[in-house]
Novice: 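This structure is in structure tokens; I'll ask about it shortly.
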Amino acid sequence: MKNSSKWWKEAVIYQIYPRSFKDSDGNGIGDLKGILSQLDYIASLGVDVVWINPVYVSPGEDNGYDISDFRAIDPAFGTMEDLQRLIDELHAKNIRLIMDMVVNHTSDQHEWFRRARLSRDDPHYTLYHWWPAEKGKPPYRCGFFDPEGKGWQYNEATNAYYLHYFSPHQPDLNWENPQLRRRVYDMLRFWLDKGIDGFRMDAITFISKDTTWPEVTADMLKEKYADDWGHYYAAGPHLHDYLKELRNEVLRGTDAVIIGESSGVQAEAAPDFVGEDRGELDMIYQFEGIMVGYLPGAFKKVDPAGYKLTEFKEVYSRWDRIMEARGWNTLYLSNHDQPRMVSRWGDDSDAWRAMSAKLLFTFLLTMRGTPSLYNGDELGMTNIRFGSIEDYRDIETRHVYEQIRQQGGDTDAFLHDQQLTGRDNSRTPFQWSAGLHAGFTEGEPWIKVNDNYRVINKEAQENDPGSVLSFVRGLIRLRKERPVLIYGEYRLLNPDDPHVYAYSRYDSAAAVLVLLNFTGEDREFRCDPGMTGDLFINNYPDLRRKDNSIWLYPWQAIGGAMPGSSK
Ligand code: ISL
């Protein structure tokens with residue numbers, strides 16, 4: 001059914017990275033009590049859903065994406081009581097809670113794996129994927145966070161290699177085993193029973209493996225999978241069966257939402273995951289959008305020429321078209337795995353930081369699809385741009401650096417790229433105030449605070465009507481007031497214009513024109529200036545209309561009703 005209404009289609013999601021949001025006990029790590037202390041702030045944004053990154057017990061090799069106990073809260077983040085309070089107090093404010101869940105792999109410290117690795121006879125052995133060493137070396141698999149890039153790790157006690165798509169500390173779970181699947185479903189129900197409103201399923205597209213373990217040759221990877229291991233990993237033979245089963249076993253009869261991180265899924269395949277006829281996921285976080293401007297084949301290497309707006313428009317317009325018929329989109333320009341939104345897609349110089357951040361939020365909040373806003377972006381927080389590998393905490397950056405070093409590659413060039421793309425850029429502490437450690441902690445922060453906290457912080461923006469924060473609050477309100485911005489059709493108006501992104505949103509009752517100048521220069525948009533009547537979004541005080549044109553200021557973003565036209 002096309003565009004049937006659902007609470008999660010109308011929602012704005014606010015992603016909180018608990019480790020860096022607010023520390024309540026001075027150990028330098030953000031925690032649940034910290035989040036609880038800021039509920040008024042969160043509610044003041046107008047968001048409907050909070051998504052928190054993993055807070056389960058974990059050795060923290062990958063900041064919680066290596067879970068060692070699925071059913072308990074890591075003491076660094078607090079207690080189960082804190083979590084229950086968070087659910088209840090968010091609900092009291094009409095905000096739902098989505099928890100991040102990692103079931104492609106566990107930590108190597110998880111009891112299942114600690115037992116599995118002891119002996120082939122242990123009942124836990126079959127909860128993971130193994131390659132017995134008597135068969136020789138396993139066929140190559142890529143381990144994204146492995147210091148050598150390898151996806152199999154030898155384990156002496158079992159004389160076998162275990163599979164790990166990420167780091168050797170993150171062994172992959174064996175979804176072929178029905179017992180494993182039952183354990184996972186039980187555990188997911190455990191959390192739903194606590195009252196949470198859904199899951200963001202981490203790396204969920206990787207859960208099904210071809211256990212005939214074919215050789216994957218470089219040619220095959222190039223031809224069939226565009227040189228991307230993620231594409232191969234997301235093409236497992238039973239993926240859709242497992243997702244259907246998961247939905248049936250866990251979500252049936254609930255109102256909960258399930259959002260899959262869909263690394264490796266191409267646009268054409270997306271409706272098979274989220275089509276309402278499918279009974280699998282509700283939404284996915286696609287990767288094509290955030291890959292715009294990366295050089296092909298290379299590890300998160302940005303094109304020095306920057307990204308092409310025409311490509312950006314093409315990708316988002318195509319995803320809208322594909323999802324229109326079967327599914328529902330999400331929109332995000334940053335998260336805990338991506339650099340800061342304004343540094344990657346806008347201009348984070350003093351001159352244009354605020355303007356370009358406002359423009360990017362206008363995009364996120366006027367497109368069709370459920371927007372996910374990443375904490376700190378609403379202040380215009382920027383990349384920290386670490387100068388040395390020592391400053392990084394992220395396993396991805398550190399291990400890929402090691403891979404490059406071992407292969408004799410150019411580590412300086414890598415570090416240079418990481419300043420723009422590294423994950424730690426978006427993981428620095430939330431900038432609450434100009435006080436000590438930006439008001440994040442009274443202790444020593446687990447990762448450096450961005451020096452610009454004295455200028456960019458919540459306190460400074462709170463009561464400033466011109467701040468990015470105030471602008472975002474206003475946009476979220478607007479989206480709520482105008483259903484056309486949620487369910488209305490989307491039309492791209494200028495596919496070939498390399499500077500301005502122009503589109504309309506319309507339904508039978510209203511039509512809205514959005515113009516976004518993605519450059520630091522004045523730009524002309526040729527159209528009948530009468531095209532915009534009542535202007536309800538503008539990051540500048542005025543709009544210059546002249547003859548048959550609208551002249552946009554640098555990074556100007558406007559949205560207005562299109563009078564007299566229904567399209
Ligand atoms: O291919 C990839 C690795 O370079 C990515 O697309 C990867 O699939 C994606 O980043 C997965 O991310 C998620 O799982 C990771 C965790 O580190 C991330 O923080 C999480 O978002 C492993 O659990």
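Order of appearance sets the numbers: ligands from 1, and atoms from 1 within every ligand.
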Novice: Just to confirm my output: which protein heavy-atom neighbour is closest to atom 19 (O) of ligand 1, and how far is it?
Specialist: Asp337 OD1, 2.7 Å

Novice: Can you tell me if Tyr233 has a non-hydrogen atom under 4.0 Å from ligand 1?
Specialist: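 No.
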
Novice: If you take the nearest heavy atom of each of Val102, Asp62, Asp100, which one is closest to atom 22 (C) of ligand 1?
Specialist: Asp62

Novice: Heavy-atom contacts with His105 under 4.0 Å: which atoms of ligand 1 show up? List them by number with element.
Specialist: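 By the 4.0 Å cutoff, the relevant atoms are 22 (C), 23 (O).
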
Novice: Could you walk me through whether Val250 and Ile258 pass side-chain contact (heavy atoms from CB on, under 4.5 Å), step by step?
Specialist: CA-CA 10 Å; Val250 180; Ile258 179 157; over 6 Å; no

Novice: Report, in ascending order of atom number, the atoms of ligand 1 lying under 4.0 Å from any heavy atom of Phe206.
Specialist: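 Those atoms are 8 (O).
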
Novice: Out of all atoms in ligand 1, which are within 4.0 Å of some heavy atom of Glu396? Include the element for each.
Specialist: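 That gives atoms 4 (O) of ligand 1.
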
Novice: Determine whether the aromatic ring centres of residues Phe312 and Trp345 are separated by less than 6.0 angstrom.
Specialist: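 Judged by ring-centre distance (under 6.0 Å), Trp345 and Phe312 do meet the cut-off.
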
Novice: Which word best sums up how the rings of His336 and Tyr17 line up, parallel for under 30°, tilted for 30 to 60°, or perpendicular for over 60°?
Specialist: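 Ring orientation, 0 to 90° scale: parallel.
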
Novice: Would you say the ring centroid of Phe440 lies under 6.0 angstrom from that of Phe430?
Specialist: no

Novice: Note the single closest protein heavy atom to atom 12 (O) of ligand 1, along with its residue, its atom name and the distance in Å.
Specialist: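 Protein heavy atom with the smallest distance to atom 12 (O) of ligand 1: Glu261 OE2, 3.0 Å.
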
Novice: Once the angle between the rings of His110 and Trp112 is folded into 0 to 90°, is it parallel (under 30°), tilted (30 to 60°) or perpendicular (over 60°)?
Specialist: tilted

Novice: In the protein, which heavy atom is nearest to atom 3 (C) of ligand 1, and how far is it?
Specialist: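 Result: Phe144 CG, 3.4 Å.
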
Novice: Are Tyr165 and Trp229 close enough that their ring centers fall under 6.0 Å?
Specialist: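 No; Trp229 has its ring centre 6.0 Å or more from that of Tyr165.
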
Novice: Considering only heavy atoms of Arg427, which atoms of ligand 1 have at least one such atom less than 4.0 Å away?
Specialist: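 That gives atoms 19 (O) of ligand 1.
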
Novice: Between Ser262 and Ile284 (side chain of the first, backbone of the second, donor and acceptor by atom type, cut-off under 3.5 Å), is there such a pair?
Specialist: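 Here the side-chain-to-backbone pair does not exist.
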
Novice: Suppose I only count heavy atoms of Arg200 and a 4.0 Å limit; which atoms of ligand 1 are within that range?
Specialist: 21 (O)

Novice: What residue and heavy atom of the protein are closest to atom 20 (C) of ligand 1, and at what distance?
Specialist: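 Protein heavy atom at minimum distance: Asp202 OD1, 2.8 Å.
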
Novice: Looking only at protein heavy atoms, which one is nearest to atom 5 (C) of ligand 1, and what is the separation?
Specialist: Ser263 OG, 3.8 Å

Novice: For the pair Tyr242 and Trp175, name the ring-plane relationship: parallel under 30°, tilted 30 to 60°, perpendicular over 60°.
Specialist: tilted

Novice: Please confirm whether Phe287 comes under 4.0 Å of ligand 1, counting heavy atoms of the residue only.
Specialist: yes

Novice: Donor-acceptor check, side chain of Asp66 to backbone of Glu61, threshold 3.5 angstrom: yes or no?
Specialist: yes

Novice: Which of the numbered atoms in ligand 1 are under 4.0 angstrom from any heavy atom belonging to Arg423?
Specialist: 16 (C), 17 (O), 18 (C), 19 (O)

Novice: Check whether NZ of the Lys or CZ of the Arg Arg344 lies under 6.0 Å from the centre of the six-membered ring of Tyr294 and within 45 degrees of that ring's axis.
Specialist: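 Yes, a cation-pi geometry.
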
Novice: Below 4.0 angstrom from a heavy atom of Phe145, which ligand 1 atoms are there? Numbered from 1 as shown, please.
Specialist: 17 (O)

